Amino acid sequence: MDVTELLESASLLVPEEVATENDISVQDVWDYLAHDECQIALNLLEELGDGQPLPLTFWEQLAEAAEQLGLERSVAWCYWRCSEIRNGMVRADLTLRPPTEARRRTPISGHGVLRPMWDIGNLSPTGGVAVSIAGLWVEDMPLLEPGGRATVRLVPLTPTHWTHVLTGQHINMHEDRTVAGTAVVLEVHLPTSAMPTR
């Protein structure tokens, strides 16, 4: 499919009644597509997708359209959203330790490159701390400086390790044995397959 077909197909997956805070709707997407404004249409669809859960196919089609348009950040974001659907997502308020207290001296890339370890309360068979890996996306910022604070999105590598994580819980980020940052969990959305059975 070409870009226009991909965006048209993705727009059909958004319920008609869905609108952004700025009252942008699927009709606006169609108006931009009619004028060959594919990049704007893609950006509007990304916004509409942030408002409510949409199927994996929606984000896959947006990723493919972004690739054809050569929009690297949109490609990364759309594939990130695919990962959230497959593996779940934990939003958290993260504060990195300052360079005087931690090993990190350079900023963290905000676009899902880093996959740090997290102490989320799991224990090893010997009773020690067992860390779990999750990718990290910084919301609304391209970089997070040491000592900085931001809302982040975490995609667990092994979703079943995260089933006990709750809103309000404090978790620690590690890049080595020392604590690199501390986060407070804001939201937890795990895939259905990882949810505990009761």
Side-chain angles (χ1 to χ4, degrees), residues 1-11 13-14 18 20-22 24 26 28-29 32-33 37-96 104 106-118 132-146 148-159 162 171 173-175 180-181 183 185-191 194:
M1 283 195 271
D2 67 19
V3 173
T4 303
E5 291 170 332
L6 286 164
L7 295 176
E8 287 173 352
S9 180
S11 70
L13 297 171
V14 180
V18 172
T20 67
E21 291 176 3
N22 301 326
I24 293 167
V26 175
D28 296 299
V29 172
Y32 281 107
L33 287 174
E37 296 284 351
C38 291
Q39 185 172 343
I40 296 171
L42 172 67
N43 293 339
L44 294 180
L45 284 167
E46 286 179 18
E47 256 188 84
L48 288 166
D50 289 341
Q52 75 170 47
L54 291 171
L56 179 63
T57 305
F58 172 83
W59 291 105
E60 289 173 337
Q61 289 173 337
L62 290 191
E64 190 176 335
E67 282 178 341
Q68 290 185 32
L69 291 168
L71 303 172
E72 290 181 27
R73 194 218 171 268
S74 285
V75 171
W77 175 241
C78 293
Y79 280 127
W80 180 268
R81 291 303 302 267
C82 290
S83 296
E84 288 184 355
I85 292 168
R86 288 185 191 104
N87 290 25
M89 183 271 295
V90 174
R91 280 183 81 232
D93 180 9
L94 172 65
T95 303
L96 293 181
R104 177 169 284 282
T106 59
I108 289 174
S109 169
H111 298 149
V113 175
L114 189 67
R115 285 168 173 56
M117 298 169 285
W118 295 87
S132 296
I133 298 171
L136 183 146
W137 187 284
V138 182
E139 290 186 355
D140 305 319
M141 297 170 67
L143 300 169
L144 181 57
E145 299 283 342
R149 180 178 174 187
T151 301
V152 297
R153 301 169 80 96
L154 310 177
V155 169
L157 184 65
T158 309
W162 295 71
I171 60 177
M173 183 181 108
H174 293 265
E175 294 185 86
V185 176
L186 304 173
E187 294 175 44
V188 179
H189 302 279
L190 293 178

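In this text, all values refer to a predicted model and were calculated from it rather than measured experimentally. What you see below is based on every heavy atom in this structure, not just the backbone, and it leaves out hydrogens, waters and symmetry mates.
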Student check: side-chain heavy atoms of I133 and P116 closer than 4.5 Å: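 No - every pair of side-chain heavy atoms lies 4.5 Å or more apart.
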Looking at residues at least two apart in the chain, or sitting in another chain, which of them share a side-chain hydrogen bond (donor to acceptor under 3.5 Å, both in side chains) with [X]?
| X | answer |
| --- | --- |
| R115 | none |
| E72 | none |
| E60 | R86 |

Tell me every residue that passes side chain to side chain contact (heavy atoms under 4.5 Å, CB included) with [X], counting only those two or more places apart in sequence or in another chain.
| X | answer |
| --- | --- |
| V113 | S109 |
| T158 | T160, H161 |
| E37 | Y32, H35, I40 |
| A92 | V152, A183 |

For side chain to side chain contact (heavy atoms under 4.5 Å, CB included), just list the numbers for M173 and L96, CA-CA rounded to whole Å, side-chain angles, deciding distance to a tenth of an Å, and then say yes or no. CA-CA 8 Å; M173 183 181 108; L96 293 181; 3.6 Å; yes
What is the distance from atom [atom1] of [X] to atom [atom2] of [Y], rounded to the nearest 0.5 Å?
| X | Y | atom1 | atom2 | result |
| --- | --- | --- | --- | --- |
| D28 | S11 | CG | OG | 11.5 Å |
| L13 | Q61 | CG | CD | 6.0 Å |
| Q39 | L7 | CD | CG | 11.0 Å |

Of all the heavy-atom pairs spanning [X] and [Y], show the shortest one and how long it is.
| X | Y | answer |
| --- | --- | --- |
| L6 | A65 | CD1-N, 3.7 Å |
| Q68 | M1 | NE2-O, 3.1 Å |
| F58 | V14 | CE1-CG2, 3.5 Å |

Throw together a table of side-chain donor-acceptor distances under 3.5 angstrom for residues 78-85, partners on residues two or more places apart or in other chains.
from	atom 1	to	atom 2	distance (Å)
Y79	OH	E67	OE2	3.2
W80	NE1	E84	OE2	2.8
R81	NE	E84	OE1	3.0
R81	NH1	D50	OD1	2.7
S83	OG	Y79	O	3.3
E84	OE1	R153	NH2	2.9
E84	OE2	R153	NE	2.6
E84	OE2	R153	NH2	3.3

Taking only residues two or more places apart in sequence, or in another chain, which ones meet E5 in a salt bridge (Lys or Arg N to Asp or Glu O under 4.0 Å)?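 Scan of E5 (salt bridge (Lys or Arg N to Asp or Glu O under 4.0 Å), adjacent residues dropped) gives none.
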With sequence neighbours left out, what residues match R149 under salt bridge (Lys or Arg N to Asp or Glu O under 4.0 Å)?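 By the salt bridge (Lys or Arg N to Asp or Glu O under 4.0 Å) rule, R149 matches D93.
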Listed by chain and number, what are the ring pair (Phe, Tyr, Trp, His ring centres under 6.0 Å) partners of H174, not counting sequence neighbours?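 For H174 there are no ring pair (Phe, Tyr, Trp, His ring centres under 6.0 Å) partners, ignoring immediate neighbours.
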Parallel, tilted or perpendicular: rings of W59 and W77 (30°, 60°):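 Plane angle over 60°, so perpendicular.
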Would you say N87's side chain and P156's backbone share a donor-acceptor pair under 3.5 angstrom?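 Confirmed, N87 side chain pairs with P156 backbone.
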